[in-house]
There are 2 protein chains.
Amino acid sequence: MQDSLSQTFAALADPTRRAMLAQLSKGDASVSDLAKPFLGEMSLPAVTKHIKVLEKAGLVTKTKDAQWRPCKLNGEGLKEAADWMEEYRVFWEESFDRLEAYLKKVTSEKNQEGKNDDCQK
Amino acid sequence: MQDSLSQTFAALADPTRRAMLAQLSKGDASVSDLAKPFLGEMSLPAVTKHIKVLEKAGLVTKTKDAQWRPCKLNGEGLKEAADWMEEYRVFWEESFDRLEAYLKKVTSEKNQEGKNDDCQK
DNA sequence: ATCGTACTTTACCGATTGGTTAATTAACTC
DNA sequence: GAGTTAATTAACCAATCGGTAAAGTACGAT
């Protein structure tokens with residue numbers, strides 16, 4: 001995993017890490033703050049590792065404050081990935097358009113109920 | 001890796017697979033079509049595996065046509081991931097705003113050159 | 001100095017990933 | 001039905017991933 005885009009997507013491919021980003025989106029948090037919701041499910045070193053993955057992907061920056069390590073969401077780290085996705089937007093919007101067109105069609109057909117029973121064409 | 005969002009991001013976390021999606025965005029392609037750009041770097045079974053990852057993530061659908069397996073980009077498979085990212089848009093736009101504000105500031109300071117040499121405040 | 005808190009590092013483990021080669025299935029072609 | 005083309009499956013391998021327990025580091029408080 002060399003390129004930064006792969007690193008970013010890989011970092012996002014884990015629910016624990018996404019939950020951490022969600023928490024950081026509400027405000028900065030220390031390692032133990034971030035760990036709190038998960039200490040039932042995993043150990044502190046596991047949390048440290050997850051944070052390191054987020055750091056290396058450039059999604060989080062960690063600073064020092066006495067014995068604490070306040071972490072901050074780095075929004076810019078998501079930009080490259082979002083730009084990549086943007087290229088494909090048309091491909092889900094076009095299928096939405098098809099759905100919309102279909103719904104429009106069946107609705108107008110419903111409105112013509114009784115007027116014409118020949119549904120074969 | 002249970003949840004579909006993790007599966008999607010994991011599928012995107014590989015340059016070979018992203019290149020395949022890029023090719024499919026230009027039009028449907030068979031497995032060997034998709035393999036062509038990579039046959040110098042990897043074998044056909046490796047390509048089959050990559051396609052299977054994309055399929056399981058719902059990003060690609062594969063059909064049958066004689067001995068060929070035409071693949072199609074499924075744009076809707078990206079929607080969930082794009083929606084997730086959208087939540088964080090403000091976090092990279094806000095840092096862009098800060099940059100913009102900074103550039104505006106230094107520009108206006110530059111315009112005042114000679115008028116006031118006290119750059120300490 | 002030593003104790004507690006916050007966190008990291010090390011060493012290990014099993015499961016998954018990304019690749020291989022070789023064999024197999026399936027459909028068309030002669 | 002023998003051969004060719006398209007693709008998959010099976011068995012294997014090394015590297016990475018997500019986790020652990022235990023030891024180590026660094027800072028503040030008493």
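As a basis for the values below, the full set of heavy atoms in this structure was taken, side chains included, without hydrogen atoms, waters or symmetry mates. Predicted, not measured: the structure shown is a model, and the values here were computed from it.
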Legend entry - Minimal non-hydrogen separation, B/Gln7 against B/Lys56, with atom names: NE2-O, 3.1 Å
Legend entry - Where B/Phe9 and A/Leu12 come nearest, the two heavy atoms and their spacing: CD1-O, 3.5 Å
Please give, in whole Å, the distance from [N] [atom2] to [X] [atom1]?
{"X": "B/Arg69", "N": "C/dC28", "atom1": "CZ", "atom2": "C1'", "answer": "13 Å"}
{"X": "B/Gln7", "N": "D/dC17", "atom1": "CD", "atom2": "C1'", "answer": "17 Å"}
{"X": "B/Leu34", "N": "D/dT8", "atom1": "CG", "atom2": "P", "answer": "10 Å"}
{"X": "B/Lys36", "N": "D/dT5", "atom1": "NZ", "atom2": "C1'", "answer": "12 Å"}
{"X": "B/Leu54", "N": "C/dG18", "atom1": "CG", "atom2": "C1'", "answer": "14 Å"}
{"X": "B/Asp14", "N": "D/dA15", "atom1": "CG", "atom2": "C1'", "answer": "14 Å"}
{"X": "B/Met20", "N": "D/dA7", "atom1": "CE", "atom2": "C1'", "answer": "13 Å"}
{"X": "A/Ile51", "N": "C/dT8", "atom1": "CD1", "atom2": "P", "answer": "7 Å"}

Do any side-chain nitrogens or oxygens of [X] fall under 4.0 Å of OP1 or OP2 in [N]?
{"X": "B/Ser30", "N": "D/dA7", "result": "yes"}
{"X": "B/Ser32", "N": "D/dA6", "result": "no"}
{"X": "A/Arg17", "N": "D/dG18", "result": "yes"}
{"X": "A/Thr48", "N": "C/dT8", "result": "yes"}
{"X": "B/His50", "N": "C/dG19", "result": "yes"}

Legend entry - A/Glu80 side chain to A/Ser4 side chain, donor-acceptor N/O pair below 3.5 angstrom: yes
Inset, instruction - Would you classify A/Lys49 as touching base, sugar-phosphate or nothing, given that sugar-phosphate means primed atoms plus P, OP1 and OP2, and contacts are heavy atoms under 4.0 Å? - result: base
Inset, instruction - Have a look at A/Thr16 and say if it touches a base, only the backbone sugar-phosphate, or nothing, with a 4.0 Å heavy-atom cut-off. - result: nothing
If you check the [X] side chain, which of [options] turns out closest?
{"X": "B/Pro45", "options": "D/dT20, C/dG18, D/dT9", "result": "D/dT9"}
{"X": "B/Leu44", "options": "D/dA7, C/dG19, C/dT20", "result": "D/dA7"}
{"X": "B/Met42", "options": "D/dT9, C/dT20, C/dG18", "result": "C/dT20"}

Legend entry - Member of B/Leu24, B/Ile51, B/Leu78 meeting the side chain to side chain contact (heavy atoms under 4.5 Å, CB included) criterion with B/Leu59: B/Leu78
Inset, instruction - Could you check B/Asn74, B/Val53, B/Leu21 and say which one makes a side chain to side chain contact (heavy atoms under 4.5 Å, CB included) with B/Val60? - result: B/Leu21
Inset, instruction - Name every residue in residues 55-67 of chain A that has at least one heavy atom under 4.0 Å from any atom of DNA chain C, in order of residue number, or write none if there are no such residues. - result: A/Lys62, A/Gln67
Inset, instruction - Report the distance from atom OG1 of B/Thr48 to atom CZ of B/Arg69, rounding to the nearest 0.5 Å. - result: 10.5 Å
Legend entry - Salt-bridge contact A/Arg89-A/Glu86 (side-chain N to carboxylate O under 4.0 Å): yes
Legend entry - Ion pair A/Arg18/B/Asp3, N-O distance below 4.0 Å: yes
